[in-house]
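A short write-up of the structure that comes next.
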Amino acid sequence: MASRIYAWLDSRLKLKSVERTLLDEPIPGGASWIYVFGSATLFLFLLQAVTGMFLAIYYAPTPDHAYDSIRFIETEVLFGAFVRGLHHWGASGMVVVIGLHMLQVFLYGAYKPPRELLWMVGVVLFLIVLSFAFTGYLLPWDQNAYWATQVGINMVGTVPVVGDLLAPVLRGGEMLGALTLSRFFAVHVLFLPALLATLVMVHLFILRRVGPAGPWRGGSERRKSGETASQREGPGGSGFVERRVRESETFYPRQVFMDAVVMLGIFAVVAVLALTVHFPLADKANPSDTTFVPVPEWYFLFYYQLLKYVHGPLEPVATWILPALFFLGLLFWPFLDRNPVRHLAARPVALVAGAVFLVIVFGLLGISLRDLYAVPRIDPAVARGKTVFAQFGCAGCHRVHGEGGAVGPDLSYVGDTRPEREWHLRHFRDPQSVSPGSFMPKFPLTDRQLNDLAGYMLSLKRTP
Ligand code: HEC
């Protein structure tokens, strides 16, 4: 039955030839696990597109409703927290996988002639992915979103001449507000996806014109016995006659299989992260709370650390000169690196440049993570208090930094408003004695639990 349907469709749509174009692309040197990152990136993009569509069903891009709509997705919508988790961790995964893809292309010298354009479009795609990350970060409209975006736009503002024009365009005015949110939303869900999809097609089109690079010259040790030999030359007699590895195999079946395995693996990892690592919402954005110190996503942390080291007249170096030089260098790298040899052993300069860059980035990331996790060294009594808080279901009525119900007052900063331990102890023993008419229940707490809980309440301050 299925084969008859296929035959009918084929007679109408000429599927055979499409199938051939899609699947018979020769891969010089044969299929390899090292080539999977491109399709893995594409897969994650599709995952982001699908989860994003579902999030858009409930998300409302206005300052009044954005935050609550995310809370609604998290708490009320069937699979809402899971889909948001997938979208969140999928974005992280995309940065990882695109990084690995670029690293592979770099190490294999696959950006060298005739593949300069392929690389350049790839760099633009990478920039688009970062723009997705930047615009997406604002959408939950929590404190982190608001203040991190504020910092980002201020950095754009430090670029001479264009900065003064560009920052208000990004913000939609002089203030970060409703207009900013709706334009970030539009860019995130309409402009960037259209741009990305188009450039992915251009990227793949160029790939099919120039062909994949394959292993380093002389890499015929990858040869698979019995594959068809294919000898291709660089396109159009442009002077790049690459002596290709003789043996190649087609994209289907082995490379397709490897790509599919990796996609499944990535989905499994992202799904497990989405299910187990809860990605919290901070408090709702409060534009008047200028003391808030935002923390960016982990993949921007190294840069955030770099910004801490430069002050005063040197500031523009970090806010735009280095990034601009980096991306220009990356974009035109195939023309800067004139060494015609692809094999890594013959490319000491490229190798050292790449290694130095990675050491700096991961060094800064390491320092930043250490600083972030070293700061809140929690008092054990406070930690115990937190457990008691969870144990007695206080979060059912009280919200702490975006987590919990809204029946009772938000306790995020109760240490500032109620700074006396005595008050808390009396309140816990008998809420009505200090708060007449309160319907907060009395809890059967031991003295130690009372003390720990009070300690936890007092620790909930704006500045610890
Ligand atoms: C059934 C809902 C409910 C539960 C459960 C609950 N509370 Fe309350 N809580 C309230 C209400 C309502 C108020 C406001 C009236 C008052 O001060 O008693 C309140 C007030 C408070 C306040 C004073 C806040 C302020 O700014 O004045 C603190 C502190 C507090 N609760 C802590 C806790 C802790 C700790 C727990 C868990 C052991 C808990 N609550 C469980 C409803 C609840």
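Because the structure is a prediction, the values reported are computed rather than measured. Each ligand, and each atom within it, is numbered from 1 in the order the structure gives.
Looking only at N/O/S atoms, His398 comes nearest to atom 8 (Fe) of ligand 1 through NE2.
Taking a cut-off of under 4.0 Å to the non-hydrogen atoms of Met457, the atoms of ligand 1 that pass are 29 (C). Within ligand 1, the atoms closer than 4.0 Å to a non-hydrogen atom of Leu453 are 35 (C), 38 (C), numbered from 1 in the order shown. Listed by number with element, the atoms of ligand 1 under 4.0 Å from a non-hydrogen atom of Phe439 are 12 (C). Remark: ligand 1 atoms within the under-4.0 Å shell around heavy atoms of Phe389 are 35 (C).
For atom 41 (C) of ligand 1, the nearest non-hydrogen atom from the set Phe443, Tyr456, Phe392 comes from Phe443. Counting only non-hydrogen atoms, the option in Cys397, Ser435, Ala390, Gly408 that gets closest to atom 3 (C) of ligand 1 is Cys397. Checking His427, Gln391, Arg418, Gln449 against atom 22 (C) of ligand 1, the nearest heavy atom belongs to His427.
Relative to the six-membered ring of Phe106, Arg347 meets both conditions, a distance below 6.0 Å and an angle of at most 45° to the axis.
For Phe185 and Tyr59, the ring centers are positioned less than 6.0 Å apart. Between Phe134 and Phe300, a ring centre-to-centre spacing not shorter than 6.0 Å is recorded.
Under 4.0 angstrom from ligand 1, there are no non-hydrogen atoms of Val434. Neither the backbone nor the side chain of Val388 comes within contact range of ligand 1; no heavy atom lies under 4.0 Å.
Summary of contacts: the protein heavy atom closest to atom 23 (C) of ligand 1 is Trp423 CH2, 3.6 Å. Of all protein heavy atoms, the one closest to atom 14 (C) of ligand 1 is Pro409 CD, 3.5 Å. In terms of protein heavy-atom proximity, atom 36 (C) of ligand 1 is closest to Cys394 SG, 2.8 Å.
Residue side and main chain included, Met440 places an N/O/S atom under 2.8 Å of atom 8 (Fe) of ligand 1.
Taking the six-membered ring where the residue is Trp, Phe443 and Phe392 present perpendicular rings, their angle passing 60° and hence far from 30°. Ring planes of Tyr108 and Tyr35: perpendicular class, angle over 60° (limits at 30 and 60°).
Donor-acceptor pairing under 3.5 Å is lacking for the side chains of Thr62 and Asp64.
A heavy-atom separation below 4.0 Å is not found between Tyr413 and ligand 1. Residue contact check for ligand 1: Pro441 places a non-hydrogen atom closer than 4.0 Å to it. Heavy atoms of Gln432 come nearer than 4.0 angstrom to ligand 1 in no pair at all. Under the 4.0 angstrom criterion for non-hydrogen atoms, Phe428 is in contact with ligand 1.
Polar contact check, Ser438 against ligand 1: a nitrogen or oxygen pair lies under 3.5 Å apart. Taking any N or O of His424, backbone or side chain, none lies under 3.5 Å from an N or O belonging to ligand 1.
Thr158 is not listed as a side-chain neighbour of Glu315, based on a closest heavy-atom distance of 4.5 Å or more.
Of the options Phe335, Phe332, Trp119, a ring pair (Phe, Tyr, Trp, His ring centres under 6.0 Å) to Tyr111 is made by Trp119 and by none of the others.
Proximity of a side-chain donor or acceptor of His401 to a complementary backbone N or O of Asp283 within less than 3.5 Å is not detected. Using modelled atom types, no side-chain atom of Ser368 and backbone atom of Leu364 make a donor-acceptor pair closer than 3.5 Å. Proximity of a side-chain donor or acceptor of Tyr146 to a complementary backbone N or O of Gly177 within less than 3.5 Å is not detected.
In the displayed structure, Phe327 atom CZ is contacted under 6.0 Å by more than 12 heavy atoms of other residues, nucleotides or ligands.
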